[in-house]
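Reading through the structure tokens given below for one structure.
Position 1 is the first residue of the sequence; numbering continues from there. Computed from a predicted structure; not experimentally measured.
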Amino acid sequence: MGLQALFFYLFAFVAVASAFMVIASRNPVYSVLFLILTFFNSAGLFLLTGAEFLAMILLVVYVGAVAVLFLFVVMMLDIDFAELRAGALEYAPVGALIGLILAIELVVVVGGSTLSPEIAANASMPIPPVAERTNTAALGDVLYTHYVYFFQIAGLVLLVAMIGAIVLTLRHKPHIKRQDIPTQVARTPETAVEVVKVKPGQGI
């Protein structure tokens, strides 16, 4: 067994085990920590395949932003997870159906490439040799030329999802002073300043 194969099995085993612990852990903080471990091992697998750009993007974007932000949100918010788990069984049939569809799609993709290796050779945009074009440059050529509109649509979908999440989770608590911009703009000296005439000897 070569050194590359040894590292592959090491990264793959830790990634699968930590991914299982993400859904098996009862503590959401532990789940996020196991998720970060899964991202690190997935980045190692990307490095073994020569996709160093995807490995760095996985670490910078997902570990450095998404997972850490989610960890801070889970730790700071007072969420009753027992109440959330109480209604989880209601969504089990839909989740099982979606999981079955994804499993069938994975079997079709992996089985098709295994039974018919010539499918990859007949790709419309094959991967250029590393000596001619680096991995990052080849990915940029495909992403920002042939699929630039799909890239922009994906960004728009993420923007809408972010705004929707903010709108759904925003809760205005009573008895808290909030900024009212129209009222502040409409202020005049007569309404903003109150002149109090104090008689001598009485104080304020």
Side-chain angles (χ1 to χ4, degrees), residues 18-19 21-23 25-40 42-43 46 53-95 97-99 101-102 136-137 139-204:
S18 55
M21 292 303 299
V22 172
I23 61 175
S25 300
R26 294 183 177 274
N27 193 327
V29 178
Y30 293 164
S31 297
V32 177
L33 295 177
F34 279 116
L35 181 63
I36 296 175
L37 182 61
T38 306
F39 287 153
F40 269 103
S42 301
F46 278 129
F53 178 73
L54 294 179
M56 293 305 299
I57 287 296
L58 185 64
L59 293 180
V60 172
V61 175
Y62 287 93
V63 177
V66 177
V68 176
L69 179 62
F70 182 72
L71 178 61
F72 278 110
V73 170
V74 169
M75 294 176 63
M76 289 189 299
L77 293 181
D78 187 13
I79 302 176
D80 189 2
F81 291 97
E83 183 180 354
L84 294 178
R85 295 193 191 98
L89 294 178
E90 300 178 1
Y91 307 99
V94 179
L97 178 61
I98 296 176
I101 294 174
L102 291 177
T136 306
L139 182 62
D141 293 339
V142 175
L143 186 61
Y144 297 110
T145 55
H146 297 84
Y147 299 103
V148 61
Y149 295 111
F150 297 100
F151 180 76
Q152 293 178 351
I153 292 174
L156 180 62
V157 170
L158 292 176
L159 176 63
V160 173
M162 180 181 66
I163 296 175
I166 295 174
V167 172
L168 291 175
T169 57
L170 183 61
R171 297 291 184 270
H172 293 287
K173 296 181 179 180
H175 309 296
I176 294 180
K177 293 183 178 180
R178 295 188 178 274
Q179 186 178 16
D180 191 356
I181 296 178
T183 304
Q184 293 177 351
V185 173
R187 292 179 68 184
T188 60
E190 291 76 14
T191 59
V193 179
E194 182 181 358
V195 179
V196 179
K197 295 183 180 181
V198 181
K199 296 179 180 181
Q202 290 186 352
I204 298 177

Scan for ring-ring contact (aromatic ring centres under 6.0 Å, His included) pairs involving residues 176-195, sequence neighbours excluded, and state none if there are none.
none
For Phe151, all residues meeting ring pair (Phe, Tyr, Trp, His ring centres under 6.0 Å), sequence neighbours excluded:
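Partners of Phe151 under the ring pair (Phe, Tyr, Trp, His ring centres under 6.0 Å) test: Tyr144.
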Would you compute the distance between atom CG of Leu102 and atom CG of Leu97 and round it to the nearest 0.5 angstrom?
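Between Leu102 CG and Leu97 CG, I get 9.5 Å after rounding to 0.5 Å.
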Could you state the interatomic distance from CZ (Phe150) to CG (Leu143), rounded to the nearest 0.5 Å?
11.5 Å
Who are the side chain to side chain contact (heavy atoms under 4.5 Å, CB included) partners of [X], not counting sequence neighbours?
X      : result
Ile153 : Val157
Leu59  : Phe40, Ala43, Val63
Gln184 : Gln179
Leu35  : Val22, Phe39

Applying side-chain contact (heavy atoms from CB on, under 4.5 Å), run through Ser42 and Leu58 and close with a yes or a no.
CA-CA 8 Å; Ser42 301; Leu58 185 64; 3.6 Å; yes
My understanding is that only residues two or more places apart in sequence, or in another chain, count here; which of them pass side-chain hydrogen bond (donor to acceptor under 3.5 Å, both in side chains) with Ser18?
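Ser18: side-chain hydrogen bond (donor to acceptor under 3.5 Å, both in side chains) contacts with Thr38.
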